[in-house]
Amino acid sequence: MEVRLFNSLTRSIEPFRPLDPKGEAVKMYTCGPTVYNYAHIGNFRAYIFEDLLQRHLEARRFKVERVMNLTDVDDKTIRGCRVMGVRLAEFTQRYKDAFFEDLAQLRIKRAAHFPAATEPRYIQRMIEMITFLESKDFAYKAEDGSVYFRISSFADYGRLAHLNLEELRPSGRINTDEYEKESIGDFALWKVWNEEDGDVWWESPWGRGRPGWHIECSAMATAILGPELDIHCGGVDNLFPHHEAEIAQSECFTSKQFVKYWLHCAHLLVDSQKMSKSAGNFYTLRDLIERGYTGREIRYALISVHYRLPLNFTLAGLDAARAALSRIDAWVRRLHERAQAASAGGVPSFPESESFLKALDDDLNISGALACLFDWIRDTNRMMDLGELSEAQAAKCLADFGVINSILACEAAQIDVPKEITQLLEERQNARAARDWALSDTLRDRILSMGWMLKDTKQGQQVTRNS
RNA sequence: GGCGGGGUCGCCAAGUGGUAAGGCCGAGCUCUGCAAAAGCUCUAUCGCGGGUUCGAUUCCCGCCCCCGCCUCCA
């Protein structure tokens, strides 16, 4: 069985074979955030999908080198820093920091590289690329002083989005003041400075200005990963024009096929609506954490719907994620209790962890994979009910679950029980020994009110809490 | 108008030409001093109408809804 992925370029599911002749190394580029605000859960849906992809490929023994860029200069970041009256770098730094905190909360594996558009070496590279493109007539300087890519010079333009350029229809989003362009579809490589840019500008052969959005990804991707990438991901909304533009710029510059597999995840809806601040259904990760949800729960909710399907995000869905996780937690705890220090040596692997991976091989069929996991949970729970799961088998189960968890990253974090709780538990234990149920119940309420779940088992009291 | 995605149990959501995974919720049972938690068990004929077929949710045709994208929103 091999990994198969839906390639937007061909609109079909294809076997995944990396460019690396040894079939090991995978070069993966993922469009990252524009750091002008806290990222919202729609953004994170995309990053979690990419995380799932990376982790699964790694479980399948690929060596993934992933790049995620940070867009730290554009209209919104410039506007933001001017409103706050701070320098651009200072403004974006706070959202970069926040972004990395959020990634950690969501257990998203860090990319190998997080290049930022304004790093001098990348600005330099963008200028080099644009200079080259202009010299080959792929680009031109327009009357307004900006440099545009000439889409008519690249025959493949439109191939990724499968758009017929002749039939493009104005959507109302066109910036009508860009009449200087030769063609409506031409996009900016270099934007000439204007007053609204304030002190944000770089010197270039075309005068002061700043790079266009698309060129940064081409520059950073090829600078770090080379001219040819295996995988490039992003949200569907980036498919056109952003990725189309990236292909055009990159391929005209390198004369090589830029990306072999293009993967796009669908949008996230909130309560069946497009998320928007005006509709009041706009959530950042921080909003949800304030509501008492954990990064782990949010991760599970976002990962558990196939990436090419619109994900309808709801608080009820988060509650469902919480319940599903606590079921997994309880199972893992039970396995630990059963396994104790037993070694799994000699016990054959349970087939479920492999069927889990096989489901993911099929274009990341997460629903199928989770079904394998829960079937497995039910079966082994039943075995434990009947006393038919040996200590060694339980240990093996945990080892096999480790593979699944290396992808889902769903296991509960170890939380130390604080002293106050331990003390209350001790008191309650004494009360119970004395059959003082009233006191026992009072103490239970107190523990519950402090945010801990309490359960009486044959082995005594057990406390847990959401993580 | 063009391109694309989707309509499967109350909610979320797999899947297959042969009579429908899984999760949540709900119900029942077990456990328990009572609870809670947990565990087990149970719960659908797949948008509508045709066609192909021994047989379709799965293939074809038509229709009805919903949702994206069509120049800088993951």
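Quick caveat, the model's predicted, so the values are computed rather than measured. Side chains are part of it too, since the values below use all heavy atoms of this structure and drop only hydrogens, waters and symmetry mates.
- The base of B/rC24 has none of its N or O atoms less than 3.5 Å from a complementary donor or acceptor on the side chain of A/R327.
- Counting to the nearest Å, the P atom of B/rC12 and the CG atom of A/L325 are 19 Å from each other.
- In this structure, A/F374 does not count as stacked on the base of B/rG22 under the 5.5 Å centre distance and 30° plane angle limits.
- Side chain of A/I184, nearest nucleotide from B/rC72, B/rC24, B/rU71: B/rU71.
- The base of B/rG4 is not paired with the side chain of A/R11 by any donor and acceptor separated by under 3.5 Å.
- Nearer to the 5' terminus of RNA chain B, by closest-nucleotide assignment, is the contact made by A/S304 (compared with the other of A/A371 and A/S304).
- Near RNA chain B, meaning a heavy atom under 4.0 Å from it, residues 308-321 of chain A has A/L309, A/P310, A/A320 in order of number.
- Across every non-hydrogen atom of A/E352 and A/D379, the tightest pair is OE2-OD2, 4.2 Å.
- Looking at which nucleotide of RNA chain B each of A/G42 and A/A438 is closest to, the 5′-most match is held by A/A438.
- For B/rU43 and B/rC11, the C1' atoms lie 14 Å apart once the distance is rounded to whole Å.
- If you check the side chains of A/Q249 and A/E244, you find no donor sitting under 3.5 Å from an acceptor.
- No hydrogens or angles were tested; on distance alone, a donor-acceptor pair under 3.5 Å links the side chain of A/D441 to the base of B/rG33.
- Side-chain N/O atoms of A/D287 and A/T284 include a donor and acceptor closer than 3.5 Å.
- Phosphate contact (OP1/OP2 of B/rC73, side-chain N/O of A/N43, threshold under 4.0 Å): absent.
- The side chain of A/A323 lies closest to B/rC24 when the candidates are B/rC24, B/rG33, B/rA21.
- A/H242 and A/D237 are not linked by any side-chain donor-acceptor pair at a separation below 3.5 angstrom, with hydrogens and angles left out of the test.
- Under the 3.5 Å distance criterion, with hydrogens and angles disregarded, no donor-acceptor pair is assigned to the side chains of A/Y36 and A/D75.
- When distances run from any side-chain atom of A/V305 to the nucleotides B/rC34, B/rC12, B/rG68, the shortest one goes to B/rC12.
- Residue A/S440 places no side-chain N or O under 4.0 Å from the OP1 or OP2 atom of B/rC34.
- The same atom, P, is picked in B/rA27 and in B/rG18; the two are 36 Å apart, to the nearest Å.
- The distance from atom CZ of A/R334 to atom C1' of B/rC31 is 11 Å, rounded to the nearest whole Å.
- Nucleotide B/rC24 holds its C1' atom 13 Å from the CG atom of A/L370, rounded to whole Å.
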(request) Could you go through the salt bridge (Lys or Arg N to Asp or Glu O under 4.0 Å) check for A/D51 and A/R55 one step at a time? (result) CA-CA 6 Å; A/D51 185 56; A/R55 287 170 178 270; 2.9 Å; yes
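- Taking atom CG on A/D362 and atom P on B/rA21, their separation rounds to 18 Å, with Å as the unit.
- One N or O donor and one acceptor, one from the side chain of A/R444 and one from the base of B/rA35, sit under 3.5 Å apart.
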(request) Produce a footprint string for nucleotides 41-47 of chain B: one letter per nucleotide, 5' end first; B if the base is under 4.0 Å from any protein heavy atom, S if only the sugar-phosphate is, - if neither. (result) S------
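- Using atom C1' as the reference point in both B/rG22 and B/rU16, the two lie 16 Å apart (nearest Å).
- For A/D456 against B/rA35, a side-chain N or O and a base N or O form a donor-acceptor pair under 3.5 Å.
- In this structure, the nucleotide among B/rU71, B/rC34, B/rA13 sitting nearest to the side chain of A/S367 is B/rA13.
- For the pairing with A/W193, the side-chain contact (heavy atoms from CB on, under 4.5 Å) check across A/E195, A/K191, A/E196 returns one residue only, A/E195.
- Figure legend: A/R308 and A/F6 shown as a cation-pi pair, the cationic atom lying under 6.0 angstrom from the six-membered ring centre and within 45 degrees of its axis.
- Residue A/W213 places its side chain closer to B/rC72 than to any other of B/rG15, B/rC72, B/rA21.
- A donor-acceptor contact shorter than 3.5 Å is absent between the side chain of A/N405 and the backbone of A/F401.
- Formation of a donor-acceptor pair under 3.5 Å by the A/N7 side chain with backbone atoms of A/W262 is found in this model.
- Considering only side-chain atoms of A/S326, the nucleotide from B/rA38, B/rC70, B/rG23 that sits closest is B/rA38.
- A/W202 pairs by the side chain to side chain donor-acceptor pair (under 3.5 Å) definition with nothing, not counting sequence neighbours.
- For the pair A/K181 and B/rU71, the criterion of a side-chain N or O lying under 4.0 Å from OP1 or OP2 is not met.
- Separation of the C1' atoms belonging to B/rC42 and B/rC59 is 34 Å when rounded to the nearest angstrom.
- The side chain of A/D385 approaches B/rG39 more closely than any other nucleotide in the set B/rC12, B/rC72, B/rG39.
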